[in-house]
*Asks:* 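Quick one: the structure is below, and I'll ask about it shortly.
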Amino acid sequence: MSNENVANLLKEERRFAPNAEIADGANVTAHTYAQANADELRFWKNQASRLTWSREPIQTLDWSSPPFAKWFADGELNVAYNCVDRHVEAGLGDRVAIHFEGEPGDSRAITYAELQRDVAQAAHALTALGVHAGDRVAIYLPMIPEAAVAMLACARIGAPHSVVFGGFSADALAARIADAGAQVVITADGGYRRGKQLALKPTVDQALTLDGVGHVRHVLVVRRTGQDVAMKDGRDEWWHEALAGQPEDHTPVAFGAEHPLFILYTSGTTGKPKGILHTSGGYLTQAAYTHHAVFDLKPETDVYWCTADVGWITGHSYIVYGPLANGATQVMYEGTPDAPHRGRFWEIIAKYGVSLLYTAPTAIRTFMKWGEHIPADYDLTSLRVLGSVGEPINPEAWIWYWEHIGGGRCPIVDTWWQTETGAMMISPLPGVTVTKPGAAQTPLPGISATVVDDGGNEAPDGVGGYLVLERPWPAMLRTIWGDDQRYIDTYWKRFGNRYFAGDGAKKDEDGDIWLMGRVDDVMLVSGHNISTAEVESALVSHPQVAEAAVVGVADATTGQAIVAFVIMRGGVPEDGPLAGELRAHVARTLGPIAKPQRVLCVPELPKTRSGKIMRRLLRDVAENRELGDVTTLTDPAVMHLIKDGLPTANNKS
Ligand code: WTA
């Protein structure tokens with residue numbers, strides 16, 4: 001297959017210009033790109049002035065010992081003051097910061113003034129437990145406002161937090177507590193998920209019996225469900241009791257811009273998890289700027305909702321730090337989209353008048369599967385801008401989001417970034433970009449990204465390669481906690497002093513960037529790079545396919561052969577001529593080279609808790625191997641469902 005044909009794999013001709021209202025009033029205009037390009041450092045220096053500094057930085061970037069960057073290093077600020085107090089001081093104390101919606105239907109509005117009081121009391125409570133600046137605090141909570149309060153209280157006293165997603169097991173929690181050396185754990189009795197009470201405290205108790213966590217001195221327990229919990233004398237204390245009686249104000253102390261703000265472990269597929277370290281001034285600058293620019297946030301009128309969990313980087317940067325630094329009003333929802341019914345998200349949007357929505361392609365495809373009649377029952381006219389994050393969004397899902405959620409009027413911002421980048425890097429701007437379904441498109445102002453080949457040379461337009469970031473950016477990770485060498489080896493070895501993101505990508509003739517999935521998700525069939533994302537997108541464009549995951553498996557003839565796992569839309573027979581038809585459909589859509597050798601119908605796909613398909617496990621199944629580690633799956637039982645339902649591996653359907 002010629003390069004030209006490879007280029008055609010992602011030919012998506014539809015274009016969507018921003019509507020006039022968004023374009024006319026946009027926070028950021030096309031002019032900003034030129035301004036930022038002319039002097040990137042000056043651009044970021046200007047953005048840093050969105051924050052309130054106790055000591056204004058004179059320096060911008062110190063890149064004298066790459067890859068260890070310092071941003072605004074001589075500046076001093078308090079991150080929590082920036083996210084809370086300064087809004088109250090500006091007279092906005094009565095503005096709602098968080099509309100909390102519990103899964104059982106309880107709700108609570110928390111103003112900035114109330115948030116200030118809660119954070120102050122929590123900061124005093126942590127100090128009373130002997131937590132000092134630099135000490136680590138682990139946070140293991142459901143999606144409740146106390147998660148944000150706990151994070152901000154840590155930030156306020158300069159104690160880096162390590163939030164561990166509430167769905168992780170005792171082993172995973174213990175490994176993270178041990179690696180970070182946390183002294184205090186903040187947890188809850190439990191939370192609500194899919195109509196059930198999920199216990200958290202017993203998992204903490206179990207984790208604290210494991211090796212390497214002897215440094216934990218105290219556990220604070222938020223009461224959420226009221227279920228029974230065992231409290232260990234001298235170690236465990238109720239959160240509300242620890243806060244009660246603490247002073248309602250707290251004088252913030254300023255820390256240097258490079259003071260560590262948090263560690264967040266990435267759910268790496270192999271090896272020990274990587275503790276990604278983020279610091280204060282640069283991180284907050286970019287989180288705040290991108291939230292302002294990419295969502296076109298108007299804090300006086302917008303209601304913003306990010307559906308991610310605070311346990312992921314999206315929750316850190318776009319529930320807590322970015323939106324609160326900008327004085328936004330946001331919705332926080334505890335539960336799942338199908339509890340108690342499949343219209344819950346749309347009901348919440350109508351209830352609060354949500355105008356800016358940030359969610360993930362995996363959620364959108366689930367909504368597609370459930371059918372557009374569900375959102376059609378709700379008033380979604382408050383929506384203005386729709387965001388996507390977490391994986392490449394296939395054009396079919398993009399179009400569905402555009403039509404059935406955005407009513408054909410809301411710009412979609414497909415935001416590419418990573419735990420490591422800390423904040424958005426590549427994304428359309430809602431008032432500027434003519435969007436292309438499936439493409440993240442343009443590095444944001446002040447960011448430089450490109451696509452290179454194996455040798456590190458710029459890849460020609462339309463030819464797949466590796467995504468690299470060419471210059472340091474304010475919210476970049478500073479290192480891997482406790483392992484500078486791994487930081488260098490993982491991100492900075494392969495292409496010299498450019499950051500290797502681990503994602504495949506290509507640029508089209510306009511220079512727009514299309515992400516093609518993780519590099520290990522790129523298949524090599526007869527010497528051609530074919531991305532899993534492209535084949536999956538082709539499969540999902542068939543009217544009877546709801547979801548698809550493809551993997552490359554070893555093949556004597558072609559190097560790798562493509563095996564597709566598909567979930568059919570309800571009621572479609574799972575046998576018969578369909579597999580052949582789907583193979584033909586992919587051949588027609590993408591070219592014969594991309595035709596799956598096998599198509600297997602399955603009831604579910606294995607996903608990590610952040611919604612990423614674990615192709616590694618599907619490869620194990622397709623190659624008839626023992627399954628690898630399944631502990632990071634949302635539901636490890638899914639793999640049995642898949643294996644049990646399949647024909648023998650060499651049965652080419
Ligand atoms: C993928 C999530 C394509 C990518 C913020 C990246 C995306 C990894 C996109 C980071 C997108 C995230 N288009 N791919 N818009 N957003 N990814 O650390 O492979 O959980 O490297 O951060 O998700 O995942 P992480």
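Note: hydrogens, waters and symmetry copies are ignored here, and every other heavy atom, side chains too, is used. As the structure lists them, so they are numbered: ligands from 1, and atoms in each ligand from 1.
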*Asks:* Which residues satisfy the salt bridge (Lys or Arg N to Asp or Glu O under 4.0 Å) test with Arg494, sequence neighbours excluded?
*Replies:*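 Salt bridge (Lys or Arg N to Asp or Glu O under 4.0 Å) list for Arg494, sorted by chain: Asp454.
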*Asks:* Anything under 3.5 Å between a donor and an acceptor, one on a side chain of residues 393-406, the other on a protein residue two or more places apart or in another chain? List them.
*Replies:*
{"from": "Asn394", "atom 1": "OD1", "to": "Arg365", "atom 2": "NH1", "distance (Å)": "3.0"}
{"from": "Trp400", "atom 1": "NE1", "to": "Glu372", "atom 2": "OE1", "distance (Å)": "3.4"}
{"from": "Tyr401", "atom 1": "OH", "to": "Gly387", "atom 2": "O", "distance (Å)": "2.8"}

*Asks:* Can you name the residues that come within less than 4.0 Å of ligand 1, going by heavy atoms only?
*Replies:* Ile313, Thr314, Val389, Gly390, Glu391, Pro392, Asp414, Thr415, Trp416, Trp417, Gln418, Thr419, Asp503, Leu515, Arg518, Lys612
*Asks:* Which residues satisfy the side chain to side chain contact (heavy atoms under 4.5 Å, CB included) test with Ala459, sequence neighbours excluded?
*Replies:*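 So Ala459 forms a side chain to side chain contact (heavy atoms under 4.5 Å, CB included) with Val451.
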*Asks:* Are the ring centres of Trp305 and Tyr358 closer than 6.0 Å?
*Replies:* no
*Asks:* Roughly how far, to the nearest 0.5 Å, is OH of Tyr318 from CE of Met424?
*Replies:*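 With rounding to 0.5 Å, CE (Met424) is 4.0 Å from OH (Tyr318).
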*Asks:* Nearest 0.5 angstrom please: Trp473 CH2 to Leu444 CG, how far?
*Replies:*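 Answer rounded to 0.5 Å: 13.0 Å.
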